[in-house]
Amino acid sequence: AQKVTQAQTEISVVEKEDVTLDCVYETRDTTYYLFWYKQPPSGELVFLIRRNSFDEQNEISGRYSWNFQKSTSSFNFTITASQVVDSAVYFCALSEWIQGAQKLVFGQGTRLTINP
Amino acid sequence: EAQVTQNPRYLITVTGKKLTVTCSQNMNHEYMSWYRQDPGLGLRQIYYSMNVEVTDKGDVPEGYKVSRKEKRNFPLILESPSPNQTSLYFCASSFQGYSPAYEQYFGPGTRLTVT
């Protein structure tokens, strides 16, 4: 069965520190997609990145980077030089095609607090 | 502006009083879905719809109903709300549901309290 685990419930760091959010997933499928979403204090869910199971290249977007390692079933998210605006709940999610439909399963979320 | 809208954003109601949360998207997406978010549990899928008149249960469908009479709208109906349905609800849509590749776009959320 699909499962996504974000073991870090809450993380608190001081501004400008680097921080890594962990995500471990379980799946029996060979074709799947991984996502990260951000939920700022205002409550909406913002799509950050999608990665398919056949592309293990790491990705960097400004201060954000993602490390996908199929061998350890992990898709970790690193924020470099964190800023107060990065404070949010971050969700990792796994998407597969199950019983004829897209199925998106979320982790429990990690609440990240960046202190000035 | 491409978006998913939900109404109301906040709702306090009493046990047993039927309510409907509306959801609408303007992106011509085929796939729509409802989730509830509870502390420590992340988001869990309630119902989804592959297209007009095609709906199916998600992981936590008990106590909820949905309908998809038009492509853009996907209302969530609570026929007899109970306190355990107090939660934050999100509607989402994606281009289509036949591939896991498409990201889902989420509405702003509806915070429901049932007393």
Side-chain angles (χ1 to χ4, degrees), chain A residues 1-10 21 23-55 66 75 88-111, chain B residues 1-6 8-10 23 25 27 29-51 54-61 68 87-112:
Chain A
Q2 296 172 295
K3 186 177 179 183
V4 177
T5 302
Q6 295 178 256
Q8 305 149 308
T9 305
E10 293 192 30
L21 309 182
C23 173
V24 174
Y25 61 93
E26 294 177 28
T27 177
R28 282 179 285 193
D29 214 340
T30 55
T31 302
Y32 53 88
Y33 290 75
L34 295 162
F35 296 82
W36 276 95
Y37 283 87
K38 174 182 180 180
Q39 186 177 42
S42 50
E44 74 274 21
L45 281 157
V46 179
F47 164 73
L48 293 178
I49 190 171
R50 171 187 51 222
R51 172 65 74 219
N52 76 58
S53 55
F54 299 106
D55 182 2
W66 290 269
F75 186 43
V89 180
Y90 290 87
F91 290 98
C92 179
L94 168 67
S95 179
E96 293 179 296
W97 193 70
I98 291 183
Q99 294 181 330
Q102 176 191 56
K103 174 78 172 175
L104 187 64
V105 172
F106 286 83
Q108 305 93 316
T110 297
R111 181 177 298 278
Chain B
E1 180 191 355
Q3 61 182 352
V4 178
T5 57
Q6 294 178 228
R9 295 289 312 280
Y10 302 91
C23 172
Q25 50 93 6
M27 296 171 277
H29 284 171
E30 291 188 354
Y31 180 92
M32 297 185 75
S33 184
W34 276 102
Y35 297 87
R36 60 177 288 173
Q37 181 182 355
D38 301 291
L41 297 177
L43 282 82
R44 294 176 294 166
Q45 189 180 52
I46 303 170
Y47 269 94
Y48 66 93
S49 169
M50 297 291 279
N51 212 325
V54 182
T55 63
D56 208 345
K57 297 177 181 178
D59 296 318
V60 288
R68 185 99 180 269
S87 187
L88 178 58
Y89 291 87
F90 286 99
C91 180
S93 72
S94 72
F95 178 66
Q96 50 102 319
Y98 293 102
S99 164
Y102 297 101
E103 68 268 27
Q104 295 189 20
Y105 295 84
F106 286 82
T110 295
R111 187 166 293 281
L112 172 66

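In this text, all values refer to a predicted model and were calculated from it rather than measured experimentally. Below, chain A is the first sequence line, B the second, and so on; all start at residue 1. FYI, side chains are in, hydrogens and waters are out, and symmetry mates aren't considered; it's all heavy atoms of this structure.
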- Message: Is it the case that over 12 heavy atoms from other parts of the model lie below 6.0 angstrom from the CZ atom of A/Arg51?
- Response: yes
- Checking heavy-atom separations under 4.5 Å from chain B, one finds in residues 92-101 of chain A A/Ser95, A/Glu96, A/Trp97, A/Gly100, A/Ala101
- Task: Would you mind telling me which of A/Gly109, A/Gly43, A/Ser42 has the largest number of heavy-atom pairs within less than 4.5 Å of chain B?
- Result: A/Gly43
- Query: Hey, what do you get for CD (A/Gln102) to OH (B/Tyr102), rounding to the nearest 0.5 Å?
  - Reply: 10.0 Å
- Message: For the CZ atom on A/Phe54, are there more than 12 heavy atoms of other groups (residues, nucleotides or ligands in this structure) within a distance under 6.0 Å?
- Response: yes
- Message: With a strict 4.5 Å heavy-atom criterion, list every residue of residues 104-112 of chain B that contacts chain A, or say none.
- Response: B/Gln104, B/Phe106, B/Pro108
- Task: Check each atom of B/Ser94 against the heavy atoms of chain A and say whether the ones under 4.5 Å are side chain, backbone, both or neither.
- Result: side chain
- Message: Need one label for B/Glu103: side chain, backbone, both or neither, based on atoms under 4.5 Å from any heavy atom in chain A.
- Response: both
- Item | Min side-chain heavy-atom separation B/Asp59-A/Lys103 under 4.5 Å | yes
- Query: If every non-hydrogen atom of A/Gln39 is compared with every non-hydrogen atom of B/Phe90, which pair is closest and at what distance?
  - Reply: NE2-CZ, 3.4 Å
- Message: Main chain of B/Ala101, side chain of A/Arg50: is a donor-acceptor contact present, judged purely on distance under 3.5 Å?
- Response: yes
- Taking atom CG of A/Leu104 and atom OH of B/Tyr31, what is their separation to the nearest 0.5 Å? 7.5 Å
- If you tally heavy-atom pairs under 4.5 Å between each of B/Gln96, B/Gln37, B/Arg44 and chain A, the highest tally belongs to B/Gln37
